[in-house]
Amino acid sequence: MESELKDLDSKPAKIQQPDPTHDDTSSKDDRPLLKPDSSSTAAANIHELEKKFAAYVRNDVYGTMGRGELPLKEKIMLGISLVTLLPLRIVFGMSLVVVYYMICRICTMFSAPNQEEEEEGYAHLGGWRRAVIVRSGRFLSRSLLFVVGFYWITETHKDSANTKENSKTEGTHQLEEQEKPGAIVSNHVSYLDILYHMSSSFPSFVAKRSVAKIPLVGLISKCLGCVYVQRESKSSDFKGVAGVVTDRVREAHRNGSAPMMLLFPEGTTTNGDYLLSFKTGAFLAGAPVVPVILRYPYQRFSPAWDSITGVRHVVFLLCQFVNHMEVMHLPTYYPSQQEKDDPKLYANNVRRLMATEGNLIMSDIGLAEKRIYHAALNGNNRLPSVLHQKDD
């Protein structure tokens, strides 16, 4: 990958620059973000917020929070979709979920799940059981995307020639070819990202322990081999998220039959035009990773899940006649010894590569800023001090 990183100097990633008009003076410190009694002031403050939190701003027909005033044509199209597309897609979608649940139920009969510290899954199953779970899971995931309106998915596989140049000798190259990646690292735009990755490579991913108890979805997540995280655990032997993920990435790297981990190192979703700072969880194991970049081109409704509620987003998504997805698979990234010793350097280099290849803007804001932005959109006026503390 060294040759690829050298090329970044001539093809620099875009970085979000701070707003030059922003002034952290004491007079602004006491000014509320939103003032319900002044529409012009509120509009100006929202415009300022959109510059500051550009990675989370929606720009589709339905507005920032999906509550914008729609033109007559859009209202008519939405009304038609509500009584035709929406019920049909819900019925077909639920049918696919039920079918896959039944397949998983049959394949896991008379089998006990793993009872390890942080895992309770059926991903260890072998033979025909595992083959059926994986193949049917990939097919039905793609079918569900088709039902939602993703009739075509444009996939691009970048040439790995540059990666091969990273090998100093033929022996080193052969060694890399034998190494299995431990994780897939992807930018995070929507909950649909997981469906695509299930249809493509059927990896495991991190989920809250409560997911295992959700009807239908619980068993499916166990068959995926999800890592269930119990963040509230205080026991002395509790590994935490990073520890569990690192163990699973190492297992996938060393064991050819173990599923790879799917990780979203940004830690939250964006509007698809930005790439946030990477957390190091996917890189602590020092195993090779496969970078994947997802984009959702749109004209009316953005499939990105950023500043809109879940139910409203699902309804609008199902009411859109056609949805589009573009996927770029980058070559497997083999870390250098320096990157293995420094997970933060490893994460930053992969992030920079993804931003450059995907033409994404790098931004250093994160989940905390996203919550501030959401609270401000909802009219919470108690946030100015928090916002300026972030600036400091």
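Just so we're clear, the structure is a prediction, and the values are computed from it rather than from any experiment.
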Starting at [atom1] of [X], measure out to [atom2] of [Y] and round the result to the nearest 0.5 Å.
X	Y	atom1	atom2	result
Lys208	Cys226	NZ	SG	14.0 Å
Ile220	Leu140	CD1	CG	9.0 Å
Thr246	Met261	OG1	CE	9.5 Å
Asp273	Asn59	CG	CG	8.0 Å
Tyr274	Leu360	OH	CG	10.5 Å

Between [Y] and [X], does any NZ, NE, NH1 or NH2 come within less than 4.0 Å of an OD or OE carboxylate oxygen?
X	Y	answer
Lys51	Glu48	no
Asp60	Arg58	yes
Glu69	Lys75	yes

Using modelled atom types only, decide if a donor and an acceptor are shared between the side chain of [X] and the backbone of [Y] within a distance under 3.5 Å.
X	Y	answer
Lys180	Ala258	yes
Asp193	Ser190	yes
Glu74	Pro71	no
Arg129	Cys107	yes
Ser336	Glu339	yes
Asn255	Glu251	no

Item to complete: State yes or no: are the ring centers of Tyr346 and Tyr333 separated by less than 6.0 Å?
Response: yes

Discussion item. Are His197 and Phe202, when compared by the centres of their aromatic rings, separated by less than 6.0 Å?
Written reply: no

Judged by modelled atom types alone, do [X] and [Y] share a side-chain donor-acceptor pair under 3.5 Å?
X	Y	value
Thr268	Lys370	yes
Gln338	Asp342	no
Asn187	Glu266	no
His313	Tyr191	yes
Tyr196	Glu155	yes

Please say yes or no: joined through hydrophobic side-chain contacts below 4.5 Å, possibly via intermediate residues, are [X] and [Y] part of one cluster?
X	Y	value
Tyr62	Tyr298	no
Phe139	Ile106	no
Tyr56	Leu367	no
Leu284	Val249	no
Leu192	Met94	yes

Please give me the minimum heavy-atom distance between [X] and [Y], naming the atom from each residue.
X	Y	answer
Pro331	Pro291	O-CD, 3.4 Å
Ala252	Pro259	CB-O, 3.4 Å
Pro203	Leu262	CG-CB, 3.6 Å
Tyr373	Ser307	CE2-CB, 4.2 Å
Arg138	Ser199	NE-O, 3.3 Å
Met260	Pro181	SD-O, 3.3 Å

Worksheet item: Can you check side-chain contact (heavy atoms from CB on, under 4.5 Å) on Phe301 and Tyr296, steps first, answer last?
Response: CA-CA 10 Å; Phe301 178 74; Tyr296 297 85; over 6 Å; no

Discussion item. I need the single residue from Lys158, Arg295, Arg352 that forms a salt bridge (charged side-chain N to carboxylate O under 4.0 Å, His left out) with Glu357. Which is it?
Written reply: Lys158

Measuring only between side-chain heavy atoms, which start at C-beta, is [X] closer than 4.5 Å to [Y]?
X	Y	result
Val98	Leu216	yes
Val206	Val244	no
Tyr228	Ser221	yes
Phe316	Ile308	yes
Leu145	Tyr151	no
Ile361	Leu275	no
Ser204	Arg248	yes
Val189	Asn271	no

Practice prompt. Test side-chain contact (heavy atoms from CB on, under 4.5 Å) on Leu85 and Gln320 and set out the steps.
Written response: CA-CA 8 Å; Leu85 274 181; Gln320 184 154 260; over 6 Å; no

Worksheet item: Think Arg130 forms a cation-pi with Tyr122, using NZ or CZ under 6.0 Å from the six-ring centre and within 45 degrees of its axis?
Response: no

Worksheet item: Passes side-chain contact (heavy atoms from CB on, under 4.5 Å), Asn323 versus Val148? Steps please.
Response: CA-CA 8 Å; Asn323 290 294; Val148 174; 4.2 Å; yes

Worksheet entry | Check against side-chain contact (heavy atoms from CB on, under 4.5 Å), Ile194 and Phe205 | CA-CA 9 Å; Ile194 294 176; Phe205 55 91; 3.8 Å; yes

